[in-house]
Undergrad: 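Can you read through this structure? Questions will come right after.
Predicted model only: the values in this text are computed from it and were never measured. Scope of the values below: all heavy atoms of this structure, side chains included, with no hydrogens, waters or symmetry mates.
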Amino acid sequence: MIEITFSPPPTGSQMMLSDSFYRMILGPLGSGKTTTVLFELVRRACEQWPGPDGIRRTRFALLRQTLSQLKNTVLKI
């Protein structure tokens, strides 16, 4: 298995440590916001307990100002 080490920027660390239902991260272009959020989604998904069938089910909402910004930065897997 591949091990990935990620060190978020200070604002990203605060966001990742929060257990608030709604969270938002703001910052300048190139500050690592998208990368931080994606790593947080993977981390939260891994913490999800598997259902009776052994599958982990999670849902997240990712928001951008415009649809084109969303399409350019997030891919459906």
Side-chain angles (χ1 to χ4, degrees):
M1 177 175 268
I2 297 173
E3 183 177 324
I4 298 173
T5 303
F6 173 68
S7 299
T11 304
S13 295
Q14 292 175 8
M15 189 272 304
M16 291 179 83
L17 291 173
S18 173
D19 282 328
S20 297
F21 189 73
Y22 296 106
R23 294 177 292 159
M24 132 181 8
I25 185 167
L26 304 169
L29 183 67
S31 63
K33 300 175 297 293
T34 300
T35 304
T36 299
V37 169
L38 293 177
F39 270 95
E40 175 64 358
L41 294 179
V42 170
R43 184 181 76 82
R44 295 277 175 160
C46 290
E47 289 179 346
Q48 175 72 34
W49 285 95
D53 58 0
I55 297 174
R56 292 182 165 110
R57 291 179 172 82
T58 57
R59 289 187 182 183
F60 300 100
L62 302 174
L63 306 175
R64 293 287 190 191
Q65 284 184 319
T66 65
L67 181 60
S68 63
Q69 283 180 346
L70 181 64
K71 287 181 178 179
N72 289 334
T73 57
V74 180
L75 298 174
K76 185 176 181 179
I77 297 175

Undergrad: Any pair with a residue in residues 20-61 that passes ring pair (Phe, Tyr, Trp, His ring centres under 6.0 Å), sequence neighbours left out, goes on the list, sorted by first then second residue, please.
TA: F6-F39

Undergrad: How far apart are the closest heavy atoms of T36 and G12, and which atoms are they?
TA: CG2-CA, 3.6 Å

Undergrad: In Å and rounded to the nearest 0.5 Å, what is the CE to CG distance from M16 to L41?
TA: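 Rounded to the nearest 0.5 Å, the CE-CG separation comes to 9.0 Å.
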
Undergrad: Quick one: are R44 and T58 in side-chain contact, heavy atoms under 4.5 Å?
TA: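 Contact flag for R44/T58 side chains = no.
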
Undergrad: Check whether any side-chain heavy atom of M15 lies under 4.5 Å from a side-chain heavy atom of V37, and answer yes or no.
TA: yes

Undergrad: Examine distances only and state if a side-chain atom of S31 and a backbone atom of P28 form a donor-acceptor pair shorter than 3.5 Å.
TA: yes

Undergrad: Kindly give the heavy-atom pair with the smallest separation between I55 and D53, and that separation in Å.
TA: N-OD1, 3.2 Å

